[in-house]
There are 2 protein chains.
Amino acid sequence: MKLSIKQKVLMEHLNYVIRGISSKNLIPILNCIKFELSNEGLYLISTDNELAIKSFIPASEIEKIDIQGEMLISGRYIYDIVRKLNNEIINIEEIIDSQVLITTNSSSFKLNCNEVSEFPNIDLEFTGSPILIDEKVFKTTINQTIFATSTQESRPVLTGINFKINDNLMEVTATDSYRLSKKRIVLDSNVQDNIDIIIPSKNLSEIIKLISEDDDKIEIHIFSNKVIFKIRNLIVMTRLINGNYPDTNKLIPETFELKVKVNLDNFYNAIDRASLLTNVEEKNIIKLETKKDIMIISSNIPEIGNVEEKIQIEKNVDSDIKISFSSKYMMDAIKTFDSEEVELSFNGEVKPIIVNYVDNEDLTELILPIRTY
Amino acid sequence: MKLSIKQKVLMEHLNYVIRGISSKNLIPILNCIKFELSNEGLYLISTDNELAIKSFIPASEIEKIDIQGEMLISGRYIYDIVRKLNNEIINIEEIIDSQVLITTNSSSFKLNCNEVSEFPNIDLEFTGSPILIDEKVFKTTINQTIFATSTQESRPVLTGINFKINDNLMEVTATDSYRLSKKRIVLDSNVQDNIDIIIPSKNLSEIIKLISEDDDKIEIHIFSNKVIFKIRNLIVMTRLINGNYPDTNKLIPETFELKVKVNLDNFYNAIDRASLLTNVEEKNIIKLETKKDIMIISSNIPEIGNVEEKIQIEKNVDSDIKISFSSKYMMDAIKTFDSEEVELSFNGEVKPIIVNYVDNEDLTELILPIRTY
């Protein structure tokens, strides 16, 4: 293998594939990036077996392709070396078996490499009929749900995000059993077979970093044990989590005793301040109480002091509510909305609190109260 | 005590005094900020006994002074509360003994406070004849030297920065005994008595955060056991470190066998890249070698690979040098220069390496080599 390539071009693609290398990986071969050079261009591939990223640099963006071939180069080293080089031409050449020479006008690096044959063979072939979705919509959806996934390995299915697709309705759900986040998206076309899969949230958090905020479509190819995303010149594979995701729709009430409209920023800032006088050990409990058209948010740490915040609200009925919950969970939930107002829905002090946009239920955030009264 | 003040005004001054509160302090009273309200204005004072910061908000910047008085308010809480309030009027009032009420239109905080009488009485009176120095010059000087101080408590004097003043020449020195950093500054006027003091570097690192980059003068008032800085509306006290600072001038050679001029960015970047193939455990050793008008910087980790960097240089004599040193120490030293070129001076492979500006010796960085040849 021998080629010459601009630092800037190679760096852009190393920035993608480095995300496929886990810093905790103890298998040396999985710390390598596979370089595959042909007349068409250069493929870079990384994987930790759970996630795989393949990036393509077409020949038109490469200065010179001298000798086609394949090599495994240490991901961390090639990434840091290229990052610290100026934007100049970099020559990469296999000099003897499993040793690569990386040179510029003034720098010369020799790195020992692993045997290409040791690298896992990841099948990145597509299916016939991918699901198409806007990059921006997909990225927003993941950001609006991922925080609610569980970090506890005791219930593996809750460490992932559930994607259910029936006809053209996609429902994306995350829950750690104390709070739940659900987003509904209408796709451009129907799926042939209904879909119900769980994607590990740690892989999704890497994948959304590869996605820009523009309107290009990404392709989602779903298999029984993996999903392959096509994002511009990138192909990304993630394994699925085995198991049945709980039926969460029955957790979201259809009727409510009280609905409250509140300004989003005022509500968020009041909770943020009230949570100054809460303890992490006590789940940052704060109290919410309505009195006519005023909402009072309060909390206290006995030895330190107390706080009371007041906000103007609009209610749909005359009744009032007194309820306690985790300020952290509520702030995580509110952050997912980008509107001026949100609607809070209540069914008494021991039933879930629901947060929605005022005018639609595309995004539902659910928080379980904490009994204190 | 009772007053009304704009959030923005109070926040600016809390940002100063919060630096006087150590996060590691176990004495509760030292986690408080003392509020002293008189008709002249509001003083805020914090101290951990080693460092004290006193900030003054004149009455003209305060909305309303209702009742003069003094209070101790928890520094961390008042700081976070004011930071999270909008820019509106904040009312602060002592309601019962040692309890403060902090209110705005929508927020109401009650905090328990400590007794004012428990707060240490820090003498912040000035001397007659302070040393005057530009804010920018002082800040730059500390930044150019502080990294070379020792973090090892076994030789306390080396954990501080030494200030020596003879007539109008101030010499500022830091060393951890492996490298040394020395800055010379000519003051506007002579000092009456020669000065030789050691200021703890951990206090200086907080003090320079209080200093802006403009041309205002700061006043330095020196006492036998402390120094008081007057920085704009701020009075800052730091204790001194007892002991004799080593005579470091004899460590800096007056003559050299070889002087090398090199482009600063090229030299820094070459070392930065070479240090990719070094080990922290082996002090990031790299080798430097001159061959005619070329400098070669190299390093290797046997199992990973090696690197060789080449840079154009200009020498004062025909001889060459081969020397090894810590890449981290050299990079720390080079970062303190802001010129296009620097001059490296050598006396063979076991003698200190000196880095200077090409045209003057105001700033001297010394690095001990590591014997490898």
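When reading the values below, keep in mind they use all heavy atoms of this one structure, side chains included, and skip hydrogens, waters and symmetry mates. Convention: sequence-line order gives letters A, B, ...; per-chain numbering from 1.
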**Q** For the residue pair T290(A) / D320(A), report whether a side-chain donor-acceptor contact shorter than 3.5 Å exists.
**A**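 Per modelled atom types, D320(A) and T290(A) side chains form a pair under 3.5 Å.
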**Q** Using a heavy-atom cutoff of under 4.5 Å, enumerate the residues of residues 263-272 of chain A that contact chain B, numbered in order, or state 'none'.
**A**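 N269(A), D272(A), listed by number.
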**Q** In terms of heavy-atom pairs under 4.5 Å, which option from T103(B), L111(B), N306(B), V100(B) contacts chain A the most?
**A**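 Max contact count across the listed options: N306(B).
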**Q** Other residues, nucleotides and ligands only: do more than 12 of their heavy atoms fall within 6.0 Å of NZ on K6(A)?
**A**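 It does not: K6(A) NZ has 12 such atoms or fewer within range.
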**Q** Quick one: do the N15(B) and Y79(B) side chains pair a donor with an acceptor below 3.5 Å?
**A**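 Their side chains do contain a donor-acceptor pair, which is all the 3.5 Å distance test asks for.
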**Q** Taking NZ in K310(A) as the centre, count heavy atoms belonging to other residues, nucleotides or ligands within less than 6.0 Å. Is the count above 12?
**A**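 12 or below, so no.
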**Q** Identify which of Q99(B), E309(B), R76(B) forms the greatest number of heavy-atom pairs closer than 4.5 Å to chain A.
**A**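 It is E309(B).
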**Q** A side-chain contact here means heavy atoms from C-beta on lying under 4.5 Å apart; do E70(B) and M1(B) qualify?
**A**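 They are not in contact (no side-chain heavy atoms under 4.5 Å apart), so the answer is no.
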**Q** Could you look at S107(A) and say if it's the side chain, the backbone, both or neither that has a heavy atom under 4.5 Å from chain B?
**A**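 For S107(A), heavy atoms of backbone and side chain both lie under 4.5 Å from chain B.
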**Q** Under a 4.5 Å heavy-atom cut-off, does chain B meet the side chain of E303(A), its backbone, both or neither?
**A**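 Contact with chain B is through the backbone of E303(A) alone.
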**Q** When you check the side-chain N and O atoms of S327(A) and N284(A), is any donor under 3.5 Å from an acceptor?
**A**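 Looking only at side-chain atoms, N284(A) and S327(A) do not form any donor-acceptor pair under 3.5 Å.
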**Q** Within this structure, what is the CD1-OH distance for the pair I304(B) and Y77(A), rounded to the nearest 0.5 Å?
**A**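 Those atoms lie 4.0 Å apart.
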**Q** Assess whether a salt bridge exists between E343(A) and K259(A), defined as any Lys/Arg side-chain N lying under 4.0 Å from an Asp/Glu carboxylate O.
**A**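 The answer is yes: the pair qualifies as a salt bridge.
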**Q** Given a strict heavy-atom distance threshold of 4.5 Å, which part of S74(B) is in contact with chain A: side chain, backbone, both, or neither?
**A**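 The answer is neither part of S74(B).
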**Q** So which heavy atom on N112(B) is nearest to which on P302(A), and how close?
**A**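 Heavy-atom minimum between the residues: ND2-O, 3.4 Å.
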**Q** Please determine if E94(B) and K2(B) form a salt bridge, counting it only when a charged side-chain N lies under 4.0 Å from a carboxylate O.
**A**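 Answer for the salt bridge query: no.
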**Q** Give me the contact list for residues 80-93 of chain A versus chain B, heavy atoms only, anything under 4.5 Å, ordered by residue number.
**A**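 Under the 4.5 Å heavy-atom cut-off, D80(A), I81(A), K84(A), L85(A), N86(A) qualify.
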**Q** For each of S106(B), G305(B), C113(B), tally heavy-atom pairs with chain A at distances under 4.5 Å, and name the one with the top tally.
**A**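 Top option by heavy-atom pairs under 4.5 Å: S106(B).
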**Q** Check the side chains of E289(A) and S298(A) for a donor-acceptor pair under 3.5 angstrom, ignoring hydrogens and angles.
**A**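 Short answer, no.
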**Q** A side-chain contact here means heavy atoms from C-beta on lying under 4.5 Å apart; do M331(A) and S275(A) qualify?
**A**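 Side-chain contact under 4.5 Å: yes.
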